[in-house]
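Below: one structure, written as structure tokens.
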Protein chains: 2
Amino acid sequence: MSESTANTRKTSSEIYAEALQVIPGGVSRNTVFHKPHPYYASHAKGAYVTDIDGVRRVDFANNMASLIHGHAYDPIVEAVIAQLQRGTAFTMATEIEVAYAQLLTRRVASVDKIRFVNSGTEAVMAMMKAARAYTGKAKIAKAEGAYHGTYDFAEISQTSNPSNWGDPHAPNSVPLAHGTPPGVLSDMLIFPFNDIETTLAILDAHADDIAAVLIDPVPHRVGLSPASNEYIEALYAWTQKNGALLLFDEVVTFRVGYGGTQERYTVKPDLTAFGKIIGGGFPVGAFGGRADVMEVLNPHQSKLLFPHSGTFSANPITLTAGYVAMEHYHQEAVSRLNELSCVAMKQVEEAIQLAQVPVSITGAGSMFRVHLRPSPPVTYREAYQKPEVVQVIAKMLDYLFNEEKMMMINTCSVMLSTVMNQTEIDYLSEALLKAFRTFKPEIEAVQSKEV
Amino acid sequence: MSESTANTRKTSSEIYAEALQVIPGGVSRNTVFHKPHPYYASHAKGAYVTDIDGVRRVDFANNMASLIHGHAYDPIVEAVIAQLQRGTAFTMATEIEVAYAQLLTRRVASVDKIRFVNSGTEAVMAMMKAARAYTGKAKIAKAEGAYHGTYDFAEISQTSNPSNWGDPHAPNSVPLAHGTPPGVLSDMLIFPFNDIETTLAILDAHADDIAAVLIDPVPHRVGLSPASNEYIEALYAWTQKNGALLLFDEVVTFRVGYGGTQERYTVKPDLTAFGKIIGGGFPVGAFGGRADVMEVLNPHQSKLLFPHSGTFSANPITLTAGYVAMEHYHQEAVSRLNELSCVAMKQVEEAIQLAQVPVSITGAGSMFRVHLRPSPPVTYREAYQKPEVVQVIAKMLDYLFNEEKMMMINTCSVMLSTVMNQTEIDYLSEALLKAFRTFKPEIEAVQSKEV
């Protein structure tokens, strides 16, 4: 291997100066962007990441919730090394694809058949296209503020704000990217999360044209509060009555239950998108559901409604890593991790009490989010952070990163991994207690402004 | 590792019977679909793939043109194993991202700045969105029949046929998937490849609304004939004059020159999409170009025109593999491979002469395609294969696969790799000669029908 790929002993700041010359803003992912410069990872193992400047931190972000067993998990490393010697991708299928499809369809009751793709973005896009192909209709409805990847239809109203979000009873379709075609805006309907009456009224107004209702059952950017069972039941009943499909985005939330968050509801989605943890640390996506709906993808059909392929889809490296990751994330591991997360949330709540700060916490399974407001938000508009709140959170996260040596997701969220123990939880709650105490005046100041 | 991920000693036919139960049509990629069943890869090394039934074949498909050094290339395997132990993905940037961005921007003259994504589909989608964000316009024009991944806008008219393609001077926007929203159709304009006059007339009719002209300079499914320099110059001049951008899709064609196929033209695209070989066998995509255009992605901007992220984008496994692959695909390696390809094309042409079949061949760099027609096609409509032609090609490819033990892409195309030598080229031309002789009556029969 050449010099240039080896560790060059540059600092993060020096590498970033070079990055700015060849990458817009110096980053390929805005999630790793940080002022004055992002940090560059050197190596990681389990729950700990060491950056190129030599600082080791506890990792509560786990590559945006995608590493359920933390970093460089030995059983995954071993299995991937074995597959590497046999080849990484072929113009043929591989046996692991079938074994992994069997594992996931056994695990998720609503999924009769499944297809693999390369990212959560590709999974949601293909799921939406499958719903259109099955119903022959164009419009899809989604929750205001929900993140579903970078397909432009899926992005509408992901970051709406008070200046453009409009009437709470009929939220505007707000583009994320400049230049979004008008047809993309008009073919997406936006509803307020967890509000049955308003959501159904919005759906009813376009009943004949709706292919699907797309929902993340615990939407991170909406506030990380779970959808109520009554809400999911109401969406499902509406789709059933109106010839539409119910689509779950479980890219992030699959970790919540052995069979995904959907286990917790009395009705099941028609299709589900997966990603993140099912790749064992490698690029992955998948979507699946009712056999008759997935039939739109079957190349045996004389009239194939949804032709679909992908050079790296179902590659045996990703699927080997994913298979091992899910085999080790068995029922018992899920329960243990969720219990650890309950303990963590309780300890963080205690820290909130001890520091006497107007802060709340939401979450499900092994993920939770801290909000700088006294009561947990339910809708996106409640969870929405004004610029001054964003600033206090950024300062708190910088403090935690630099002083307390821990990483969280930039929404002030935590994603646990199975390699964590009470040690890391104590570390987390103690660090948060210090942060709450340190930033109490600023947290209170943005609160009083809120009122 | 569990029993179920080990080689189970099942046959391809047995595995496929299981696949049909859990995957629609039994495949995640239609490109590996084959009747009565697809074949399952066991292992591969260099130019040879062994399937699970124990048959070893020469691989002229190279995972749909993505493996420039063939399978399990030692320098890539070693570098990836080293990175595996350090972690596969972080909520941080990594140094290899910057090193690789430097390598690619040095290599491709038109690319000042670049961003990494997870697939060619994501690269083309992000490039189209960047063009819309930069220009504030919605419409994009593309060549009839060109494949640009699975983003629905990019898919329009990918498989139009005589029943729906309409007037050759104003080709219809034909949806690939059922249920494609009408706005997607109306925001894509379709032109005939390499036809300057008709293309410019179509562009002129929508001059004010066009964000970009998207073109693959050697479009595989249009016929694998290179765009003429005059054509690219005309497209570029039109975009310059009308405030639009010229987008190159070099996902497949980057292999053609050290700096991509674009080296061969006197004008340069504003943005280019990459994929396939730049991942060294791992899921990859990238897009880049003019610094001022790429600025739409810069999170430093107070008004960010194109917010964009991705969990696995720029992951250090893909970028390490890709970096090593490109380091070894240096100027000399490109030249050597292209020369080998010239020899191969010449030998195939000799086989055509020897067998006296009405067959032609097109290509560029290290890729070529065999057509069952006496003269090389230029447009998609010329290259279009009627069902009876498709059937003869399928039979020929089956013969080559089963009897001659070699793999080609299902359009009857060949993608060479640097680990091939004269031995494999002789093998290829001799096998094709046998195939031409064996199927001569059928090739002639579909010809006479064509007339």
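Numbered from 1 within each chain, the chains take letters A, B, ... in sequence-line order. Everything numeric in this text was worked out from a predicted model, so none of it was measured.
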### Task
Check the pair Glu97(B), Arg29(A) against side-chain contact (heavy atoms from CB on, under 4.5 Å), reporting the backbone distance first and the verdict last.
CA-CA 11 Å; Glu97(B) 173 184 352; Arg29(A) 305 160 61 192; over 6 Å; no

### Message
Quick check on Asn62(A) against chain B: is it the side chain, the backbone, both or neither that has a heavy atom closer than 4.5 Å?
### Response
backbone

#### Entry: Proximity breakdown for Thr105(A) and chain B, heavy-atom pairs closer than 4.5 Å
side chain

### Centroid separation His328(B) to Tyr73(B) less than 6.0 Å
yes

### Message
I'd like to know if the side chain of Lys129(A) reaches the main chain of Ala177(B), judged simply by a donor and an acceptor atom lying under 3.5 Å from each other, with no hydrogens or angles considered.
### Response
no

### Message
Could you check whether His178(A) and Arg132(B), counting side-chain N and O atoms only, form a donor-acceptor pair closer than 3.5 Å?
### Response
no

### Message
Just so I understand: if I count every heavy-atom pair under 4.5 Å between each of Asp187(B), Ile81(B), Val77(B), Thr135(B) and chain A, which residue has the most?
### Response
Ile81(B)

### Query
Between Pro75(A), Ser12(A), Pro181(A), which has the largest tally of heavy atom pairs under 4.5 Å with chain B?
Pro181(A)

#### Entry: Lys139(A), part contacting chain B, at a heavy-atom distance under 4.5 Å
neither

## Note on the structure
Interface check, chain B: of Leu20(A), Asp152(A), Thr50(A), most non-hydrogen pairs under 4.5 Å belong to Asp152(A)

### Query
Do Asn30(B) and His308(A) have side-chain atoms, one donor and one acceptor, less than 3.5 Å apart?
no

### Summary
Separation between CZ (Phe282(A)) and CG (Asn118(B)), nearest 0.5 Å, reads 13.0 Å

### Query
Would a line drawn from the ring center of Phe90(B) to the ring center of Tyr40(A) be shorter than 6.0 Å?
no

### Message
Heavy-atom cut-off 4.5 Å, strictly under: side chain, backbone, both or neither for Met125(A) against chain B?
### Response
side chain

### Query
Which atom pair, heavy atoms only, marks the closest approach of Ala89(B) to Pro316(B)?
CA-CD, 4.2 Å

## Note on the structure
Per-residue tally against chain A (heavy atom, under 4.5 Å) across Leu304(B), Thr150(B), Thr159(B) peaks at Thr150(B)

### Query
Among Arg106(A), Met407(A), Lys303(A), Lys137(A), which has the most heavy-atom pairs under 4.5 Å with chain B?
Met407(A)

### Query
Which bit of Val49(A) is near chain B, if near means a heavy-atom gap under 4.5 Å: side chain, backbone, both or neither?
side chain

### Message
I'd like to verify something: which residue of Ala138(A), Gly25(A), Pro283(A) has the highest number of heavy-atom pairs under 4.5 Å with chain B?
### Response
Pro283(A)

### Which portion of Pro299(A) sits near chain B, non-hydrogen atoms under 4.5 angstrom
both

### Query
So which of Ala133(B), Ala72(B), Ala65(B), Pro38(B) has the biggest tally of heavy-atom pairs under 4.5 Å with chain A?
Ala133(B)

### Query
Where on Ser66(B) is there a heavy atom nearer than 4.5 Å to chain A: the side chain, the backbone, both, or neither?
side chain

### Message
Between Val184(A) and chain B, with a heavy-atom cut-off of 4.5 Å, which part of the residue counts as in contact: side chain, backbone, both or neither?
### Response
side chain

### Message
Is Ile317(A) in contact with chain B via its backbone, its side chain, both, or neither, using a 4.5 Å heavy-atom distance?
### Response
side chain

### Message
Ring centres under 6.0 Å, that's the criterion: do Phe33(B) and His300(A) meet it?
### Response
yes

### Message
Please classify the contact between Ile23(B) and chain A as side chain, backbone, both or neither, with a heavy-atom cut-off of under 4.5 Å.
### Response
both

### Task
Tell me, for Tyr100(A) versus chain B, whether the close heavy atoms (under 4.5 Å) come from the side chain, the backbone, both or neither.
neither

### Query
Using a cut-off of under 4.5 Å for heavy-atom pairs, which of Ser309(B), Gly87(B), Ser313(B) has the most such pairs with chain A?
Ser309(B)

### Message
Does any backbone or side-chain atom of Ile114(A) lie under 4.5 Å from a heavy atom of chain B? Answer side chain, backbone, both or neither.
### Response
both

#### Entry: Side-chain donor/acceptor of Glu14(A) to backbone N/O of Lys10(A), under 3.5 Å
no

#### Entry: Winner by heavy-atom pair count (cut-off under 4.5 Å) against chain B, out of Gln21(A), Arg115(A), Lys45(A)
Arg115(A)

### Summary
When the 4.5 angstrom heavy-atom criterion is applied to His71(A) and chain B, the contacting part is side chain

### Task
Heavy-atom pairs under 4.5 Å with chain A are the metric here; pick the option from Gly183(B), Ser186(B), Gly310(B) that has the most.
Gly310(B)

### Task
Describe, in one word, how the ring planes of Tyr16(B) and His37(B) are oriented to each other, choosing from parallel (under 30°), tilted (30 to 60°) and perpendicular (over 60°).
tilted

### Query
So how far is it from Phe312(B) CZ to Ser119(A) OG, rounded to the nearest 0.5 Å?
9.0 Å

### Query
Quick one: are the ring centres of Tyr134(A) and Phe306(A) less than 6.0 Å apart?
no

### Message
Within this structure, what is the OG1-CD1 distance for the pair Thr31(B) and Ile409(B), rounded to the nearest 0.5 Å?
### Response
9.0 Å

#### Entry: For chain A, the option from Gln301(B), Gln83(B), Glu122(B) that forms the most heavy-atom pairs under 4.5 Å
Glu122(B)

